[in-house]
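Have a look at the structure below before the remarks.
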Amino acid sequence: RPSFEKEDGGLELSVTGQQVTTGKAVKRIVRYELIVIDTNFKRFTRKFFDFISGVLFLHFLKGNAVANSPLSFKTKKQYQPFEEKVAVKQATYSVANVMNNKAYNAEAASFASEAQAREFIQQQAKADPKLKDNLHIILQHELNAAA
């Protein structure tokens, strides 16, 4: 049996009625005044700041400790340079006949875990005990599709 399977679990608790409520809103008018002093100073520092933030900052950022950290975006991009990824689906299980590996019925064709498939076999065996020896659990891609 597999060492790990993704299972549904947990419990969801909530109250009845309206789920989300907030307190009453209070409307306030905020007045403020903005005074700019020495605009001539700001005119001259802006050009120098643009040069520092644009060209020099990016130049010095290329080889610093933050960029070379294993947690940095640059390092992540080196390990995973492409945006597209391969998606792997979770393995699904089926209950099949022992004789021909065909699905027992349409309901038994797909289970998210082996435990769910075993539970299905137990339920079917209660109604007909002979089925316990005639059914087994296999991965869905192993089913005999020539039905």
Side-chain angles (χ1 to χ4, degrees), residues 1-125 132 134-147:
R1 294 188 186 171
S3 60
F4 174 79
E5 289 181 341
K6 192 172 185 177
E7 289 279 346
D8 292 330
L11 181 65
E12 188 173 316
L13 296 174
S14 65
V15 296
T16 58
Q18 194 174 13
Q19 297 291 321
V20 180
T21 59
T22 61
K24 295 184 180 191
V26 177
K27 183 178 178 182
R28 298 204 188 269
I29 298 173
V30 178
R31 294 183 183 155
Y32 61 93
E33 184 178 354
L34 178 64
I35 299 173
V36 177
I37 301 173
D38 198 8
T39 58
N40 194 25
F41 170 72
K42 294 203 180 247
R43 196 173 332 142
F44 291 114
T45 59
R46 184 87 177 140
K47 293 177 185 175
F48 184 66
F49 180 75
D50 288 341
F51 176 71
I52 290 175
S53 66
V55 179
L56 285 179
F57 181 75
L58 293 176
H59 173 71
F60 290 130
L61 188 65
K62 288 181 183 176
N64 71 358
V66 173
N68 293 329
S69 168
L71 302 174
S72 71
F73 182 74
K74 177 185 169 188
T75 306
K76 180 182 175 187
K77 278 296 185 189
Q78 287 175 342
Y79 284 115
Q80 203 170 29
F82 305 109
E83 292 295 326
E84 61 234 15
K85 299 177 184 175
V86 176
V88 179
K89 294 182 181 178
Q90 183 179 350
T92 54
Y93 297 89
S94 297
V95 175
N97 292 318
V98 175
M99 298 297 287
N100 55 12
N101 273 355
K102 291 184 181 176
Y104 172 64
N105 59 20
E107 187 181 349
S110 179
F111 294 98
S113 69
E114 188 178 355
Q116 291 175 345
R118 288 195 184 285
E119 185 178 342
F120 178 79
I121 290 177
Q122 289 174 352
Q123 290 173 354
Q124 297 299 314
K132 190 168 187 173
N134 294 335
L135 298 178
H136 68 133
I137 300 168
I138 58 174
L139 292 170
Q140 189 172 16
H141 67 271
E142 294 176 356
L143 272 177
N144 185 355

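Positions are given from 1, in the same order as the sequence printed here.
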Which residue pairs pass the salt bridge (charged side-chain N to carboxylate O under 4.0 Å, His left out) test with at least one member in residues 80-94, sequence neighbours excluded?
K77-E83
Compare every heavy atom of H136 with every heavy atom of N101, then report the nearest pair and how far apart it is.
OD1-NE2, 2.8 Å
Heavy-atom distance under 4.5 Å between the side chains of T92 and F111, does that happen here?
no
With sequence neighbours left out, what residues match S69 under side-chain hydrogen bond (donor to acceptor under 3.5 Å, both in side chains)?
none
Could you check whether any side-chain heavy atom of L135 comes within less than 4.5 Å of a side-chain heavy atom of N97, counting everything from C-beta outward?
yes
Rounded at 0.5 Å granularity, tell me how far CD in E142 sits from CG in N144.
11.5 Å
Roughly how far, to the nearest 0.5 Å, is OG of S110 from CD of Q116?
9.0 Å
Closest contact, heavy atoms only, A103 versus L143
N-CD2, 3.7 Å
Spacing of CD belonging to E114 relative to CZ belonging to R118, to within rounding of 0.5 Å
4.5 Å
So how far is it from K132 NZ to Q124 CD, rounded to the nearest 0.5 Å?
13.0 Å
Say you draw a straight line from CG of L139 to OH of Y93; how long is it, rounded to the nearest 0.5 Å?
5.5 Å
